[in-house]
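Notes for the one structure printed next.
Proteins come first, then strands; the chains are lettered A, B, ... in the order of their sequence lines, and each starts at number 1.
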Amino acid sequence: MTAKTEAPSNFIREIVKTDLAAGKHTRVMTRFPPEPNGYLHIGHAKSICLNFGIARDFNGVCNLRFDDTNPTKEEVEYVEAIKADVRWLGFDWEDREYYASNYFEQLYDFAVQLIRDGKAYVDSLSADEIRAHRGTLTEAGKNSPFRERSVEENLDLFARMRAGEFEDGTHVLRAKIDMAAPNINLRDPTLYRIRRVSHHRTGDAWCIYPMYDFAHGLSDSIEGVTHSICTLEFENNRPLYDWFLDNLPVASRPRQYEFARLNLSYTVMSKRKLLKLVQEGIVDGWDDPRMPTISGLRRRGFTPEAVRNFCERIGVAKRDSMVDIALLEYSLRDDLNDRAPRFMGVLNPLRVVIENYPEDQHEELEARNHPTDPGFGTRMVPFSRVLYIEQDDFREDPPKKFFRLAPGREVRLRYAYLITCTDVIKNDAGEVVELRCTYDPATRGGNAPDGRKVKSTIHWVAAAHAVDADVRLYDRLFSEADPETAGDGDFKACLNPKSLTRLKGCRIEPALAGVEPGAIVQFERLGYFCADSKDGTPEGPVFNRTVTLRDPWAKIDKQLKAKGIIG
RNA sequence: UGGGGGAUCGUCCAAUGGCAGGACUACGGACUCUGACUCCGUCAAUCCAGGUUCGAAUCCUGGUCCCUCAGCCA
């Protein structure tokens, strides 16, 4: 294991280490327990990296367990997507693919045991009545009139609940704990409810389903999980988690630990809000490259390593926090820099004619595919009289600190020649449509024999050889760091109107003509891009901008514009 | 107003009674055939008030602020 992939310690790892040192366990077992009711997002990635990472580093195992106790919201489509995402992230649960629904029979037996012990009862109050009896945060609840039913009656009723004799909502099984408990979770929590709904795995075998609190800890115990790691909002549930384990004859005794869930600036993470973005067509589906879902990140061009490294860098703690998305972008660039082959592509083409370059001539120039890793090899790039450069790389009236092409100025065309702008051609609207330039034949390859320097090297493509491509420029989805609170309750109020820019007629070098879907490249000086895995066509590829390069000039330019120095 | 948690650079995470440290961001510089990368540097924090101690981010007392819980969701 290299230093780069070694996860830093955190309070949960310290607990595991201490427990192991004390001989509490022979082998640590964790679990990642998603409910298959939606797609995984980068917050889940944090949990996955934590759970699988601990198992890996302490010679333990991590189970994948689907918490499928509520069939009304769950679908096989989600379990398949979740498995694909965990696998993509690089984690392996081997043969330990479990489902809470696998334990329905055992869970039922546990419930019967509680009834026999006088620790659970069938309540026939309505949901509204139960709520009314629960009390409030500051007032104790009241006992249900059904709380003192006999064991026999409870056994009979519960068996008939299972047998399907009752309508949904007519009865529930409740734990008999304490209606005056200051922790509301302990005020006789519901264990089972009647739901005549087909389950994606058990079909119609059951019409009663266990609640999360009842199922979760017992499932952990059945599997032999040692450290059950979940997010902070379950802290209040821990006494209940423990109550079931303390009151039932369980084979193993897991412990629950809670950490703070991930919040990322300029994005939303709740399933409800992500669903809304999808349903209202604000994004293009769960795998829209702007989504913080794993599938969205994948389509955007993230690598599993970038996501994992990010998850290590953010750490694990108990305080609520909001991680700056800049850290995610840093992790991304850090990884892509090492693995993306370089190419030249012009997003907004500006035609350049090299007046002293023969019309019928064309030559091939050698270019490195990676600036520091020779293993990437080289390629040949065609050069000819008519070229395209980036519109942003020319200013007729260059401001201070603008180093690129301008009238009378010389720059280098990457891997090619030094050129000087001699004339500017405009259309009737006064827009620059073409540049006339001259090249210095002595600078082939990019270096001047006389040693003269230029301030800038720009990218280009040969007009006749370039391939057309569509490019989608993705930006953050929201314009406010915290969309949850910024929009006055309406998180959609601060959507970034420029989160997607579609470009057509981009010109890329011919080496990219048959690029494979999903391929990752860097367009030099612009950013990292990936060939879209869905929308590429035989006529031309479609690229998604994964992330820009760091761009100090963009910052300067913005400041200049803000000051009104330039238009 | 009950219970359960949490407060450390702008952000995230460390420091487990002994020099408040790292990363990101920002800013400055070096290098550069990518205004990238890399390298160097700078700015920058212990919620407040008391107390214990030779010594407190850490322990004690009192406050303040934030999160969380009243699903037959997870």
Side-chain angles (χ1 to χ4, degrees), chain A residues 8-11 14 33-35 37 67-70 72-73 123 125-127 130-132 134-141 168-174 181-187 189-195 208-209 211-213 215-216 230-239 258 260 262 265 271 312-331 333-334 337-338 342 344 367-368 371-372 401-404 411-416 418 445-447 453-459 481 522-527 548-556:
Chain A
S9 194
N10 56 56
F11 77 98
E14 290 304 316
E35 182 187 16
N37 69 344
D67 231 332
D68 56 349
T69 56
N70 182 4
T72 56
K73 297 161 70 178
D123 196 349
L125 253 25
S126 70
I130 287 178
R131 186 179 314 121
R134 188 150 31 226
T136 67
L137 294 179
T138 51
E139 298 164 287
D168 287 16
T170 52
H171 307 276
V172 290
L173 184 72
R174 291 230 257 168
N183 181 342
I184 291 175
N185 289 302
L186 264 17
R187 318 241 263 230
T190 303
L191 270 34
Y192 273 87
R193 74 286 215 186
I194 303 170
R195 276 258 215 291
I208 57 171
Y209 293 96
M211 298 288 288
Y212 163 85
D213 284 304
H216 200 92
C230 62
T231 44
L232 244 31
E233 67 269 26
F234 291 101
E235 274 179 318
N236 299 321
N237 301 49
R238 182 165 11 103
E258 311 86 13
L262 172 66
S265 61
K271 239 173 222 176
E312 280 164 20
R313 282 190 256 248
I314 59 176
V316 177
K318 292 199 74 153
R319 82 185 79 152
D320 293 305
S321 61
M322 167 89 67
V323 174
D324 192 336
I325 198 161
L327 185 59
L328 215 212
E329 293 171 349
Y330 168 80
S331 302
R333 293 186 184 112
D334 188 43
N337 182 46
D338 291 341
R342 270 58 169 177
M344 292 195 286
R368 281 194 302 277
T372 54
K401 292 187 185 165
F402 182 88
F403 303 145
R404 284 109 98 143
V411 300
R412 173 166 38 235
L413 294 179
R414 178 137 230 223
Y415 298 122
L418 265 38
N447 290 308
K453 302 282 185 206
V454 288
K455 291 276 273 204
S456 182
T457 299
I458 65 175
H459 60 277
Q522 182 194 101
F523 284 134
E524 295 212 40
R525 303 206 306 131
L526 297 174
T548 62
L549 260 26
R550 281 186 71 226
D551 187 0
W553 165 249
K555 211 169 286 178
I556 296 167

Base orientation of G71(B), chi within 90° of 0 counted as syn, else anti, reads syn
Which part of the nucleic acid does [X] contact within heavy-atom distance under 4.0 Å: base, sugar-phosphate only, or nothing?
X: Lys271(A); result: nothing
X: Glu329(A); result: nothing
X: Val454(A); result: nothing

Protein-nucleic acid N or O pairs under 3.5 Å, nucleotides 34-37 of chain B:
{"from": "U34(B)", "atom 1": "N1", "to": "Glu524(A)", "atom 2": "OE1", "distance (Å)": "3.3"}
{"from": "U34(B)", "atom 1": "O2", "to": "Gln522(A)", "atom 2": "OE1", "distance (Å)": "3.0"}
{"from": "U34(B)", "atom 1": "O2", "to": "Arg525(A)", "atom 2": "N", "distance (Å)": "2.8"}
{"from": "U34(B)", "atom 1": "N3", "to": "Gln522(A)", "atom 2": "OE1", "distance (Å)": "2.6"}
{"from": "U34(B)", "atom 1": "O4", "to": "Arg342(A)", "atom 2": "NE", "distance (Å)": "2.6"}
{"from": "U34(B)", "atom 1": "O4", "to": "Arg342(A)", "atom 2": "NH2", "distance (Å)": "3.1"}
{"from": "G35(B)", "atom 1": "OP1", "to": "Arg525(A)", "atom 2": "NH1", "distance (Å)": "2.8"}
{"from": "G35(B)", "atom 1": "N7", "to": "Arg404(A)", "atom 2": "NH1", "distance (Å)": "2.4"}
{"from": "G35(B)", "atom 1": "O6", "to": "Phe403(A)", "atom 2": "N", "distance (Å)": "3.0"}
{"from": "G35(B)", "atom 1": "N1", "to": "Lys401(A)", "atom 2": "O", "distance (Å)": "2.7"}
{"from": "G35(B)", "atom 1": "N2", "to": "Lys401(A)", "atom 2": "O", "distance (Å)": "3.2"}
{"from": "C37(B)", "atom 1": "OP2", "to": "Arg550(A)", "atom 2": "NH1", "distance (Å)": "3.2"}
{"from": "C37(B)", "atom 1": "O2'", "to": "Asn337(A)", "atom 2": "ND2", "distance (Å)": "2.9"}

Across all chains, not counting sequence neighbours, the side chain to side chain contact (heavy atoms under 4.5 Å, CB included) partners of Asp213(A) are Asn237(A), Leu240(A), Phe244(A)
Distance check, [atom1] atoms only: [N] and [M], in whole angstrom units.
N: C60(B); M: A7(B); atom1: P; result: 14 Å
N: A36(B); M: A57(B); atom1: C1'; result: 39 Å
N: C65(B); M: G55(B); atom1: C1'; result: 29 Å

Take atom [atom1] of [X] and atom [atom2] of [N], then tell me their distance rounded to the nearest Å.
X: Phe11(A); N: C12(B); atom1: CZ; atom2: P; value: 16 Å
X: Ile325(A); N: U25(B); atom1: CD1; atom2: P; value: 13 Å
X: Leu262(A); N: U11(B); atom1: CG; atom2: C1'; value: 13 Å
X: Glu139(A); N: G3(B); atom1: CD; atom2: P; value: 14 Å
X: Ile458(A); N: U32(B); atom1: CD1; atom2: C1'; value: 17 Å
X: Asn10(A); N: G22(B); atom1: CG; atom2: C1'; value: 15 Å

State which residues pass salt bridge (charged side-chain N to carboxylate O under 4.0 Å, His left out) with [X]; sequence neighbours excluded, sorted by chain then number.
X: Glu235(A); value: Lys318(A)
X: Arg525(A); value: Asp393(A)
X: Arg550(A); value: none
X: Asp68(A); value: none

To the nearest 0.5 Å, atom OG1 of Thr170(A) lies from atom CG of Leu125(A) at 12.0 Å
Separation between CG (Leu173(A)) and CE (Met211(A)), nearest 0.5 Å, reads 11.5 Å
Closest to the 5' end of RNA chain B, once Met322(A) and Lys555(A) are matched to their nearest nucleotides, is Met322(A)
Min side-chain heavy-atom separation [X]-[Y] under 4.5 Å:
X: Leu526(A); Y: Leu549(A); value: no
X: Val323(A); Y: Leu262(A); value: yes
X: Asp123(A); Y: Ile130(A); value: yes
X: Asn447(A); Y: Arg412(A); value: yes

For RNA chain B, the expected dot-bracket line (Watson-Crick or G-U under 3.5 Å, [ ] crossing, | inter-strand) is .((((((..((((....[..)))).(((((.......)))))....(((((..]....))))))))))).....
Protein heavy-atom contacts under 4.0 Å, written 5' to 3' over nucleotides 69-74 of chain B as B (base), S (sugar-phosphate only) or - (none), form the string BBSBBB
Q. Is a side-chain N or O of Arg313(A) found less than 3.5 angstrom from the main chain of Leu328(A), in a donor-acceptor match?
A. no
Backbone N/O of Ile325(A) and side chain of Ser265(A): donor-acceptor pair under 3.5 Å: yes
Please tabulate, one pair per line, each protein N/O and nucleotide N/O from nucleotides 28-31 of chain B that are separated by under 3.5 Å, including the distance.
none

Going through the distances and angles, do Asp168(A) and Arg193(A) end up as a side-chain contact (heavy atoms from CB on, under 4.5 Å)?
CA-CA 8 Å; Asp168(A) 287 16; Arg193(A) 74 286 215 186; over 6 Å; no
The ring-ring contact (aromatic ring centres under 6.0 Å, His included) partners of Phe234(A) (sequence neighbours excluded) come to Tyr212(A)
Those residues at least two apart in sequence (or on a different chain) that pass ring-ring contact (aromatic ring centres under 6.0 Å, His included) with Tyr192(A) are Phe158(A), Phe214(A)
Distances for protein N or O near nucleotides 5-7 of chain B N or O, under 3.5 Å:
{"from": "G5(B)", "atom 1": "O2'", "to": "Glu235(A)", "atom 2": "OE1", "distance (Å)": "3.2"}
{"from": "G5(B)", "atom 1": "O2'", "to": "Glu235(A)", "atom 2": "OE2", "distance (Å)": "2.8"}

